[in-house]
Structure formats: structure tokens, C-alpha cells
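Scroll down for the structure; my scribbles are underneath it.
Excluded from the calculations below are hydrogen atoms, water molecules and symmetry mates; all remaining heavy atoms, backbone and side chain alike, are included. First the proteins, then the strands, lettered A, B, ... as listed; each starts at 1.
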Amino acid sequence: MTKKFYVTTAIDYVNAEPHIGHAFEKVIADAFVRWKRSKGENVFFLTGVDENAQKNVQAAESSGIPVKEFIDKNTASFVELCRKLDISYSNFIRTTDKKHSIEVKKIVKKIIDEGDIYKGIYEGLYCVGCEAYYTEKDLIDGKCPEHNKKPELRKEEAYFFKLSKYEKELKKIIPKYVLPKFRGNEVLSRIDEGLKDICVSRKGATWGISFPNDENYKIWVWIDALLNYYSGADGNWPADLHIIGKGINWFHSVIWPAILLSAKVPLPKKLFVHGYLNTEGKKMSKSLGNVISPLKLIEKYGTDAVRYSLLRCSVFEDTDYSERILVTRYNNELANKLGNLVSRVSGLIEKTGIEKTPNKLIKKLNEKKINKFMENYELDKALNEIFSFIDNCNEYVQKKKPWETKDKKVLYELKESLLKVAELLSPFIPESAEKIKKDFSAKKIKKGEPLFVKIEFSTPKSVPQIMKVNGKEKINKFKKPEGIMSVDEVEFKEWEKMDLRVAQIKKVEDIPGADKLYKLSIDVGELGVRIICAGLKEFYTKDRLKSKKIIYFANLKPRMMKGIESQGMLLAASTEDHKKVSLILPDSEVENGSRIG
RNA sequence: AGCGAGGUGGAGCAGUCUGGAGUGCUCGUCGGGCCCAUAACCCGGAGGUCGCGUGGUUCAAAUCCCGCCCUCGCUACCA
């Protein structure tokens with residue numbers, strides 16, 4: 001049996017629910033995998049979750065749920081995300097799997113035998129309060145930002161990996177391995193700054209995989225995590241393609257090949273580093289509260305709408321993404337261009353019929369170009385090219401006027417072209433592509449339900465159809481727009497659910513590592529004292545906030561921000577670009593905890 | 001600070017590597033066409049000194065070189 005083409009995504013931390021970035025990566029990988037398969041290749045596709053990270057433990061602890069239970073719950077939502085996104089993975093790995101930890105230990109053992117792991121002294125600034133090491137730049141005035149105490153210089157025994165040994169070899173590998181080129185260059189220039197050996201053990205950690213022959217240490221989670229590609233390969237190693245985000249490029253470009261070199265395991269062929277999604281030009285982060293939930297989007301708009309809108313994003317560069325962008329793309333491209341074309345052609349065929357003829361229209365389709373883009377992993381450009389052919393089809397209908405000419409041959413060409421379009425789109429929007437295929441392969445082609453129900457932000461009304469006939473304006477009839485779905489209007493019942501209160505700020509504190517966030521303790525009268533995180537640091541000094549009465553959204557689902565549970569949010573006005581932020585305050589003196597509404 | 005990316009009609013992009021009339025795409029806007037289709041589809045217009053130096057190279061610069069300004073990202077556990 002020949003080896004399968006092996007594709008992986010990064011494995012995700014399960015310290016929180018999946019966000020849109022996770023969906024982005026999975027969809028890219030899936031579309032690519034489906035395309036490969038459509039070319040007759042046998043593809044093995046691995047995705048999964050990193051469950052051994054310390055972060056997971058922290059998140060579990062602060063939400064008061066046992067680690068295992070917490071992880072199982074979050075892993076389930078990542079599995080659900082894959083299912084709802086139609087991700088056609090072959091294997092889903094969890095790094096707590098026994099099989100995985102056995103493989104990890106084996107490889108680590110090999111590296112030890114190779115003499116590439118040695119015991120040394122780890123020296124760092126340790127804050128007793130945090131029970132964690134800090135680097136110089138984490139500190140504020142040389143003090144731990146959380147406890148405002150000088151950390152102590154602490155030394156402990158640890159295991160180190162001889163990363164520096166592989167510097168030369170890595171520099172040779174990277175240019176061919178990393179895609180796009182500029183990501184490879186970034187890494188290379190960092191290697192030139194010096195490659196230090198890395199600490200690969202964690203002493204006294206309770207979660208994770210133990211060192212072989214030394215139970216006092218857990219293996220650094222990255223070694224563990226990276227090896228998922230190997231342990232989950234199911235006999236298909238080496239990987240042909242790793243798909244990851246730019247944030248973990250270093251680990252995949254440098255540490256990962258070094259580990260494999262040391263363990264004498266073949267190297268993966270390509271590393272595909274995609275960019276990030278931003279919201280309204282801003283980085284997505286929990287502290288900004290602008291994280292988009294893919295599960296919610298799917299629920300609201302459907303799998304293919306989410307897949308399509310994500311796949312239209314530039315793969316290598318960072319791209320702006322928002323619900324509004326999703327809706328715009330969905331309406332303009334899926335509903336108006338493609339959906340409408342399917343409707344008009346199937347409707348015409350139902351009325352007129354078809355007659356076989358050579359397909360001249362399809363000549364406008366540049367399939368070579370599309371394949372070229374796909375081979376270069378430029379999915380967005382391939383998709384663009386397909387849609388430019390869809391434009392050609394719409395132009396063709398317009399030009400040939402088959403509703404007038406009753407030309408069955410033209411309709412045959414359109415039918416054939418749409419079948420081709422469906423084939424080309426199936427890696428991107430499998431469900432809709434399948435529908436198109438089915439519609440146009442039927443013996444008796446009929447106009448079906450709209451393929452993409454259009455989304456409108458306001459309630460649709462009946463609109464008069466105004467037509468100009470021979471230069472004279474004529475109101476034809478009141479036509480109810482078809483296939484319009486209304487969203488984003490809030491029922492009074494929904495509004496009522498919101499518990500808004502007046503609250504007074506009692507304490508303002510910095511949060512370590514957060515440059516925008518304050519931790520606020522607020523007095524909400526009968527509801528007691530609550531802790532919230534607010535991104536106000538750029539706009540308000542601590543003194544200006546202290547003892548202010550603000551409007552507080554009390555029953556907002558609590559969320560973790562920088563390791564702190566934010567129990568609700570305060571209301572503030574902000575300009576579009578978020579450059580100006582102003583708190584909303586009660587007009588006159590009211591009691592803490594007063595209801596608003 | 002270092003490294004990286006970018007500055008192209010009102011918005012967002014492509015074009016720059018490999019120089020050839022400001023060309024293209026999506027949205028918006030204005031006008032027209034069409035009445036098959038999900039108010040969709042098609043055609044056309046307006047709108048830009050391609051960040052600045054009226055810098056250099058060249059017959060020719062958005063594209064190559066130099067300088068400057070501005071914005072954004074990354075800097076070792078974030079997809």
C-alpha cells in the first residue's frame with residue numbers, strides 16, 4: 001500500500017470554548033484535504049486537542065471544576081465544532097490518550113539515549129505568590145505585577161534539550177520547509193540571534209506526561225504536544241503538510257524538526273503557516289471581548305456560510321473577519337451570485353428543457369489556474385477564480401436571454417457548467433455543492449428551494465415592484481421578497497433577561513501581562529461585591545475610576561480573562577475605532593444595585 | 001529597541017518579485033438595461049498626482065534604488 005498524503009492541523013488548547021480562529025484553521029485544512037481527495041489522492045487527516053497544557057489546569061481550577069471533567073467538556077465542544085463544520089478528519093487525537101503518552105516517552109527516551117537531553121540548572125525569577133517563573137519583561141518595576149513583590153532568584157534542577165546542536169541543520173531545512181517564505185525568514189533571523197538550549201521539564205507538575213525514568217518531572221508540554229503528529233499518524237508518518245497559525249511558528253519551524261532530527265525520525269515535508277483573523281482591525285482577544293464563537297455563527301447562519309466566509313479570507317496574511325463580513329459575503333456571493341444563478345437556471349430548465357450540445361461556456365473557466373492556486377495552498381484565490389466563472393455564467397444568461405429564445409442548448413451549457421462549479425466548490429462548501437449536483441443531475445430538473453436564504457438585518461417588508469416599460473414607470477405588483485431571513489432584532493423578552501444595575505467601583509487593580517485590562521471590584525448593592533475585568537487602562541487612570549458609579553451588566557455569562565473570572569461587564573460608549581472610550585454613568589445619585597430598564 | 005508587514009478612487013483588497021498608458025476585484029454611490037431569477041442579474045458613469053521627498057535609475061516607475069513620515073504585527077508556550 002502506498003503511503004497516504006498526511007495532513008495535520010495544530011492541536012488546540014482546551015482551556016476555553018473554541019473561537020473563530022480554530023474554525024479558520026480547520027476549514028482551511030479540510031478544504032485542502034477535500035480538494036486532494038477529489039484529485040484521487042488518499043489523504044490521512046489528523047486534528048485534535050492538547051489536553052496536557054498547564055493552561056488547561058489553571059482554567060479548570062479557576063472555574064472550580066476537576067481538571068479531567070473540565071477537559072472532557074471542552075474537548076467535546078471541539079469535536080462538536082469539527083462535526084458542525086463538516087471537517088472530514090481521519091483521526092482526532094487527544095494528548096491524554098495512553099497511546100500518545102507511550103509514544104512520547106519512547107521518543108524522549110530516544111533523545112536521551114542520543115545524549116541530547118541533559119540535566120542542568122534552571123535559573124529564573126520566581127514569584128512565590130504566583131508559583132511561577134517570570135522573565136524580566138513580565139515584571140513591572142522589577143516586581144511581580146500580581147503581588148507587587150520582588151521575585152526571588154531561584155535555581156532548580158531541570159532537563160534541557162540541546163537545541164543549539166541543530167542550528168546549522170535547521171537553517172538548511174527551513175527555507176524549503178516553511179510556507180510562506182516570509183515566515184521562514186522570520187524564523188531564520190531569530191535563529192541568527194542565537195539558539196539556546198531549552199528547558200524541557202517541569203518539576204512537580206501534576207498534570208501531563210512524566211519523564212521516562214524520572215517521575216519527579218513532567219515533560220514540557222510542547223514536546224508532548226508536537227509529538228501528537230507522530231503518535232496520531234496511524235502509520236502515515238512523515239506528515240506531508242502541517243497547517244498551523246503564525247503564533248506557533250517557532251515551535252514548528254525550529255523545535256519540532258530539531259526533536260525529530262535528534263530522535264532520527266523523518267521530517268515533515270511542508271509547514272503551512274496561516275495568518276490570524278482580526279475583528280474590526282483589532283486582534284481578537286478575550287480581554288477585548290471581541291472573540292467570535294464559531295459554534296454560534298454556525299447555528300445562526302449554517303455550516304457553509306461559515307466555511308465560505310472563512311475560506312474567502314486571505315490564508316497567509318492577517319485578515320479582518322466579523323459577523324458583518326460573513327453576512328456580506330454570504331449575501332453577495334453565495335445568495336446573489338451563486339444561489340440566484342442556480343435558481344434562475346433551474347427555473348428556466350424546468351420551463352424550457354435542455355438539449356445536448358458542446359459546452360462553449362466552460363471555456364471561460366480557467367481550471368488550470370484554480371489547480372495552480374490550490375497546489376500553492378492559496379485557497380482564497382482559487383475560490384475567487386471559481387466565482388469569477390460564476391459571474392461569467394450570469395453574464396451568459398443575460399446575454400443569451402434563454403427565457404426569450406427558449407434556447408435549450410444554452411440551458412444545457414449552463415447546466416453542465418453548474419455541475420462543474422458544484423464539483424469545484426465541493427471542497428469549500430460540501431453541503432451546498434452536493435445540493436447543486438443533485439439538482440442538476442436529476443432526470444427532471446426543477447426549480448427548488450433557494451440554496452442560500454438571504455440574511456437581512458431589518459424586517460423585510462413587501463415592496464412594490466417598479467418596472468419601466470417603454471420608458472414609462474409602472475408599478476407592477478407587490479412582491480414579497482423570497483428567501484429572506486431576518487436576524488439581529490431583539491425581542492422584548494430577550495431584552496428583559498438583561499440584568500443591568502448601578503454599581504460602584506471599589507477597587508482598581510492591574511492584571512499581570514495585560515496592558516489594556518483592569519481588574520475592578522464593584523459594589524452592586526444587594527448583589528454584593530463582584531469582580532470584573534474591563535479594558536479601560538488606556539482611557540482611565542485608576543484614580544479616575546475609583547468610587548465612580550457605573551452601569552453594570554450583571555447576568556452576562558462569566559468569562560475567563562487573563563486567568564481571572566470576569567463576572568459581567570460595565571457599559572461604556574466607544575468610537576468605531578475604539579480610540580475613545582467613555583463610561584456611562586447615572587445622571588444623579590442612586591443606590592448601588594439599582595435596577596435599570 | 002530589534003525584526004517583519006503594509007500605506008493604491010469613499011471602504012476593503014489585488015497588481016509590485018519579472019518596469020510598459022492607473023489596470024482589476026468586492027462593497028458603496030450615480031445612471032441605464034433586463035423581467036428568467038432569492039429586490040436578484042447585466043451594462044455604463046463619477047471618484048485616485050498609487051504615503052511623502054515634484055529624490056535617484058530609466059525612453060518609460062504603483063513596480064527597481066535611496067531617504068523620510070505614518071500604521072499595524074511579532075519578539076519563545078495565542079489558530
Side-chain angles (χ1 to χ4, degrees), chain A residues 9-13 15 18-29 50 53-55 135 137 163 181-183 185-187 189-190 192-193 196 198 220-222 225 243-251 254-255 273-278 281-286 312 314 316-320 325 328-329 331-352 380-381 384 387-388 391 393-404 406 411 447 449-454 456 460 463-469 476 479-485:
Chain A
T9 68
I11 51 173
D12 308 308
Y13 286 126
N15 62 338
H19 60 73
I20 196 74
H22 297 120
F24 182 46
E25 181 170 303
K26 290 186 195 307
V27 165
I28 290 174
D50 176 1
Q54 198 59 33
K55 263 193 173 179
T135 61
K137 70 174 170 121
L163 182 62
K181 225 179 177 166
F182 67 84
R183 294 286 172 214
N185 292 341
E186 274 176 24
V187 166
S189 70
R190 243 168 85 187
D192 284 337
E193 285 168 22
K196 279 188 286 187
I198 49 170
W220 182 42
V221 71
W222 265 102
I243 298 177
I244 61 155
K246 64 175 184 178
I248 52 176
N249 186 14
W250 177 257
F251 302 94
V254 177
I255 296 172
V273 187
H274 63 77
Y276 277 173
L277 301 178
N278 301 321
K282 282 203 167 278
K283 199 175 158 176
M284 248 178 244
S285 73
K286 281 183 218 163
R312 279 301 310 270
S314 163
F316 295 129
E317 305 287 339
D318 290 2
T319 322
D320 217 48
I325 286 171
T328 308
R329 285 181 184 159
N331 279 347
N332 291 327
E333 287 144 46
L334 290 181
N336 290 353
K337 295 224 186 279
L338 177 59
N340 182 49
L341 177 68
V342 167
S343 278
R344 68 197 303 206
V345 172
S346 58
L348 284 164
I349 292 178
E350 186 178 0
K351 278 179 236 172
T352 316
D380 52 324
K381 291 190 178 164
N384 241 334
F387 269 78
S388 118
D391 283 343
C393 292
N394 268 320
E395 284 161 28
Y396 198 66
V397 179
Q398 202 67 29
K399 211 174 94 202
K400 294 284 179 183
K401 300 184 198 299
W403 61 89
E404 211 175 280
K406 311 279 179 209
L411 290 173
K447 188 183 161 200
E449 292 294 307
L451 198 55
F452 302 101
V453 175
K454 215 150 127 185
E456 290 231 342
V463 227
Q465 169 118 4
I466 300 167
M467 292 191 343
K468 263 195 182 164
V469 180
N476 203 16
K479 191 178 164 190
K480 211 171 74 212
E482 263 180 74
I484 293 184
M485 181 169 94

Query raised in the report: Counting only side-chain N and O atoms of Tyr276(A), is one of them less than 4.0 Å from OP1 or OP2 of rG73(B)?
Result: no
Query raised in the report: Within the structure, does a side-chain N or O atom of Lys447(A) lie under 4.0 Å from either OP1 or OP2 of rU38(B)?
Result: yes
[atom1]-based separation of [M] from [N] [nearest Å]:
N       : M       : atom1 : result
rC42(B) : rC35(B) : P     : 16 Å
rU16(B) : rA21(B) : P     : 13 Å
rC50(B) : rG7(B)  : P     : 13 Å
rG2(B)  : rG45(B) : P     : 49 Å
rC34(B) : rU18(B) : P     : 50 Å
rG56(B) : rA76(B) : C1'   : 41 Å
rC13(B) : rC3(B)  : P     : 26 Å
rU57(B) : rA11(B) : P     : 34 Å

What pairs with [X] under salt bridge (charged side-chain N to carboxylate O under 4.0 Å, His left out), at least two apart in sequence or on another chain?
X         : answer
Arg190(A) : none
Lys246(A) : Asp318(A)
Asp12(A)  : Lys26(A)
Arg183(A) : Glu186(A)

How close or far is atom [atom2] of [N] from atom [atom1] of [X], stated in whole angstroms?
X         : N       : atom1 : atom2 : value
Glu395(A) : rG44(B) : CD    : P     : 9 Å
Arg183(A) : rC3(B)  : CZ    : C1'   : 12 Å
Ile243(A) : rC78(B) : CD1   : P     : 20 Å
Leu348(A) : rC35(B) : CG    : P     : 12 Å
Phe251(A) : rC74(B) : CZ    : P     : 14 Å
Trp250(A) : rC78(B) : CH2   : C1'   : 17 Å
His274(A) : rC74(B) : NE2   : P     : 14 Å
Phe387(A) : rG24(B) : CZ    : P     : 22 Å

Report task. Begin from the C-alpha positions of Leu334(A) and Phe387(A) and carry the test side chain to side chain contact (heavy atoms under 4.5 Å, CB included) through to its verdict. Result -> CA-CA 9 Å; Leu334(A) 290 181; Phe387(A) 269 78; 3.9 Å; yes
To the nearest 0.5 Å, how far apart are [atom1] in [X] and [atom2] in [Y]?
X         : Y         : atom1 : atom2 : result
Ile255(A) : Leu163(A) : CD1   : CG    : 6.0 Å
Ser388(A) : Lys337(A) : OG    : NZ    : 10.5 Å
Arg312(A) : Thr328(A) : CZ    : OG1   : 11.5 Å

Classify the nucleic acid contact of [X] as base, sugar-phosphate or nothing, counting any heavy atom under 4.0 Å across all strands shown.
X         : answer
Lys399(A) : nothing
Lys351(A) : sugar-phosphate
Ala10(A)  : sugar-phosphate
Asn185(A) : nothing
Arg312(A) : nothing
Val254(A) : nothing
Val397(A) : base
Ile198(A) : nothing
Gly347(A) : nothing
Gly245(A) : sugar-phosphate

Query raised in the report: Under the side chain to side chain contact (heavy atoms under 4.5 Å, CB included) criterion, do Phe316(A) and Val273(A) qualify, and how do the steps go?
Result: CA-CA 7 Å; Phe316(A) 295 129; Val273(A) 187; over 6 Å; no
Between [options], which nucleotide gets closest to the side-chain atoms of [X]?
X         : options                   : result
Asn394(A) : rU26(B), rC78(B), rC41(B) : rC41(B)
Glu186(A) : rA76(B), rG73(B), rG4(B)  : rG4(B)
Lys454(A) : rU38(B), rC34(B), rU75(B) : rU38(B)
Asn332(A) : rC27(B), rC34(B), rC41(B) : rC27(B)
Asn340(A) : rU38(B), rG33(B), rA76(B) : rU38(B)

Query raised in the report: Using the ring of each side chain (for Trp, its six-membered ring), is Phe251(A) parallel, tilted or perpendicular to Trp220(A), with breaks at 30° and 60°?
Result: tilted
**Report entry** Side-chain heavy-atom pair Ile325(A), Arg329(A) within 4.5 angstrom cut-off
**Finding:** yes
Query raised in the report: RNA chain B: Leu163(A) or Thr328(A), which has the more 5' nearest nucleotide?
Result: Thr328(A)
Query raised in the report: Taking Thr352(A) for the side chain and Ile349(A) for the main chain, is one N or O donor matched with an acceptor at less than 3.5 Å?
Result: no
Between the protein and nucleotides 12-17 of chain B, which nitrogen or oxygen pairs are less than 3.5 angstrom apart?
none

Requested in this report: Stems involving RNA chain B: give each as a range paired with a range, ordered by first number, where a stem means at least three consecutive Watson-Crick or G-U wobble pairs under 3.5 Å.
Outcome: B:1-7 with B:69-75, B:10-14 with B:23-27, B:29-33 with B:41-45, B:51-53 with B:66-68
